[in-house]
Amino acid sequence: MAISYVRTEIQQAQPAPQRASGIALWLRRNLFSTPTDTVLTLLGIAFLLWAVPPLFGFLFGNAVFPGGTVEQCRDPGAGACWAYIGDRVNFFIYGFYPIDQYWRPNLVFALAALLLVPLAIPKVPFKVINAILFLVVLPVVTYVLLAGGSFGLRPVPTEQWGGLLVTLIISSVAIIGSLPLGVLLALGRQSKLPVIRTLCISFIELWRAVPLITVLFMASIMLPLFLPQGTSIDKLLRALVGVTLFASAYMAEVIRGGLQAIPRGQYEAASALGLGYWRRMGFIVLPQALKHVIPGIVNNFISLFKDTSLVSIVGIFDLLNTIQAATSDTNWFSPTQAVTGYIFAALIYWVFCFSMSRYSMFMERRLNTGHKR
Amino acid sequence: MASMDTARQAPPRTFFLNDPVLRGVFYQIVVGLLVVLFLLWIINNTAINLQAQNKTSGFDFLWKTSGFDISFSLFHWDRTSYYWEAFLVGLTNTLLVAVIGIVLATLLGFTLGIARLSSNFIIARLATVYIELIRNIPLLLQLFFWYFAVLKAMPAVRNSLEFPFDIFINQRGMFLPRPLPDEQFVFVVVAFFLTIAVAIGLRIWARRRLDETGHRFPVLLVSLALLVAIPGLVWIVSGADVPFDPPVLQRFNFAGGVQLPPEFVALAFGLVIYTAAFIAETVRAGILAVSHGQTEAAQSLGLKESDRLRLVIVPQAMRVIVPPLTSQYLNLTKNSSLGAAIGYPELVNVFAGTSLNQTGRAIEIIAMTMAVYLTFSLLTSLIMNWYNARVALVER
């Protein structure tokens, strides 16, 4: 019986495969692989052609740059009125802070940057000292510097603080204050003691269920009612309390994620060493859990940073509120005044949030390596 | 061995202060007492403060006439309406914008999430730019932008932007044709619901046939076709008149049709644009979470592309997508409270804003408002727990 499926003659060499790289191939693969793909590509290109040139013209081509006049902005064909931003930028950054005292917020910005940069770079040593300086010392220094009243500094009431300064203060205070609270709440939620667990769960779930704006309303209307008669409490402080409590509930959930990611063996090993609850948590579990959730904390900070814009509803002059208030500036009245202000605010928020989200992704990639088995 | 057994029966006695159980009870009593004392202190302070301000408390204000106007309401509202009606108006307006927002944001979000994973370079990049741009800008700023910079800058009524199907957009909002159900139209509605029943029956039959014979039946396509065809036929048979009242431009404003106020349009638009970016990320993460081995296994079973997606990838991706998706829905509902900042009369604006200012019953009103959101949240997590229990992986 002949074996028909065995090849009897030598196979001829096939032609070399087509080039596996090159622009034409890339185009075919990524833009024109199927008819649907081609249609989508054409639609996308049409959209870009429709949207990008007018946008570019508005932002740059026809825009009035700093140094321009309001008459140029009122021109019918004029684009964004950057001259208006250039004129009012100090208001957007410092609010009503006295102009001759601008060095104080500037010093705070510089100190914060000086401490934050080495803290954020994983390779730089002295993390603990750095963290204590940033989380404990800096807030005190900031308060002394900004509020004044001591060391011969002129007092500046918080009503005069504003703009980006207040946005940064609220988000930093909320995140710094919510960290210890969040740790306690997360530990309480994991606790075996029913009373403590129930209290922590109700606190966390109540705060997470309601929108921040009702929390802010509550803080600004009801906080004065809750305190003993005669205590007057600063408007900014009320918002700070509200935002911090709100943030701590979210922080607790992030940290709980970290606690749950720690293998049981770590808890048991710590117990086997004879450590008590607080030492077990403080030396063994929390250091690992917190390191694990740095990306989550940064993500939390991003949404908190965006949420601080809500304090403008209860009348605090944060970045968004200064922008909104400046739109009624009649000196710069022009059709594009409001839009330009919003674009400027969006740019600032975007730069902060986007860089933080990139940092969180970078940390995520860095932290992943140690825990893969 | 014997010594070990006795050791287990009688644990070594420790000094009672070191007994973890006793300590636990002690700590709980201390914390509980502290919390109760703190609450009593707050209640006491509040009572003193209220007395000092000559304010009364209680829920009797709900049955008083409100005396303010609400610009947009789904049912009748005038100045003689009661405060509890204001509460209802706020609640329904919140629900209205939330439901419309959820539906549209889901559609847009799924499209964007899939587009971001597309092999098409331009489409994927466009979706990425959209998501990264929108996610990193505060919602309130976006709402201000849509409301003050876009809708307020729309042309006046005379030069309204005109869209197909008699839809107009101008400074005063959006004008849509109003469906006018006449007497014959009832039959169309009845036919519609009957068709839905038929479609469900069809699905059951198709499933049974699949189990018995292995033949598949295109249930979805046929059902959709039936849903369009049968009510359409009934409509044509019953006279085929156009039961729509289109908005018509009069001297100063549009008459007829439905007017959606600019606040509603801006809020719904802003919420959809913003939430869609988050939903898109959820969808993308869900699809990426299905391991590539699943795709390869489906391919080696000989499933074609559409079946592979529908029967293998999507059901597994949905398990990952649905929990964060519902929390996005909840976020959207909570975020609709930002409508207060642009004057949309939702719960926070009408009730926690105007009503609170007029009655001064801060505690009652804030408590009711928070209770509403708490109910939404608890309902959502109940549904979520049920869903998670249903789709949970049965692990080996």
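Below, chain A is the first sequence line, B the second, and so on; all start at residue 1.
- Within a 6.0 Å radius of CG in B:L382, other residues, nucleotides and ligands contribute more than 12 heavy atoms.
- With a 4.5 Å cut-off on non-hydrogen atoms, A:L206 touches chain B through its backbone and its side chain both.
- Among B:A115, B:S377, B:P138, the residue making the largest number of heavy-atom pairs under 4.5 Å with chain A is B:P138.
- Residue contact with chain B, scored on non-hydrogen atoms closer than 4.5 Å, involves the backbone and the side chain of A:L227 alike.
- Your options are A:A345, A:P211, A:C353, A:S357, and the one with the most heavy-atom pairs under 4.5 Å with chain B is A:P211.
- The CG atom of A:L59 lies 5.5 Å from the CD1 atom of A:I343; values are rounded to the nearest 0.5 Å.
- Aromatic ring orientation, A:Y250 versus A:F246: tilted (interplanar angle from 30° to 60°).
- Chosen from A:M218, A:Q324, A:K192, A:E205, the residue pairing most often with chain B at heavy-atom distances under 4.5 Å is A:Q324.
- The residue among B:N331, B:T333, B:L141 with the most heavy atom pairs within less than 4.5 Å of chain A is B:L141.
- If you tally non-hydrogen atom pairs under 4.5 Å between each of B:I42, B:T369, B:L139 and chain A, the highest count goes to B:I42.
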Indicate every side-chain donor-acceptor pair of residues 123-135 of chain B with a distance under 3.5 Å to a residue at least two apart or in another chain.
{"unit_1": "B:T128", "atom_1": "OG1", "unit_2": "B:R116", "atom_2": "NE", "d": "3.3"}
{"unit_1": "B:T128", "atom_1": "OG1", "unit_2": "B:A124", "atom_2": "O", "d": "2.7"}
{"unit_1": "B:Y130", "atom_1": "OH", "unit_2": "B:I273", "atom_2": "O", "d": "2.8"}
{"unit_1": "B:E132", "atom_1": "OE2", "unit_2": "A:R358", "atom_2": "NH2", "d": "3.4"}

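- B:F351 pairs in a side chain to side chain contact (heavy atoms under 4.5 Å, CB included) with only one of the listed residues (B:I365, B:I366, B:L356, B:L91), which is B:I365.
- Interface summary for chain B: among A:G341, A:S309, A:A338, A:P335, the most heavy-atom pairs under 4.5 angstrom belong to A:S309.
- Here the OG atom belonging to B:S337 is positioned 4.5 Å from the OH atom belonging to B:Y373, to the nearest 0.5 angstrom.
- When heavy atoms are compared at a cutoff of 4.5 Å, B:F278 approaches chain A solely by way of its side chain, counted from C-beta outward.
- Of the atoms belonging to A:L199, it is side-chain heavy atoms, and not backbone ones, that fall under 4.5 Å from chain B.
- The aromatic rings of A:Y349 and A:F305 sit perpendicular to each other, their planes meeting at more than 60°, with 30° as the lower class boundary.
- Highest contact tally toward chain A, considering only B:F376, B:F145, B:Y27, is held by B:F145 [criterion: heavy-atom pairs under 4.5 Å].
- Comparing A:G44, A:S303, A:P228 by how many heavy-atom pairs each has under 4.5 Å with chain B, the most go to A:P228.
- In terms of non-hydrogen atom pairs under 4.5 Å with chain A, the most contact-rich of B:I43, B:V348, B:V372 is B:V348.
- The one candidate from A:L40, A:T38, A:V39, A:D37 that meets the side chain to side chain contact (heavy atoms under 4.5 Å, CB included) condition with A:F32 is A:T38.
- Between A:F92 and A:F344, the ring planes are tilted. Angles from 30° to 60° get that label.
- For A:I221, the part sitting under 4.5 Å from any heavy atom of chain B is the side chain, from C-beta outward, and nothing else.
- Contact annotation for A:T327: neither backbone nor side-chain heavy atoms come within less than 4.5 Å of a heavy atom of chain B.
- Residue A:F47 touches chain B through its side chain alone, counting heavy-atom pairs closer than 4.5 Å.
- Here the closest heavy-atom approach between residue A:C200 and residue A:R189 is recorded as CB-N, 3.8 Å.
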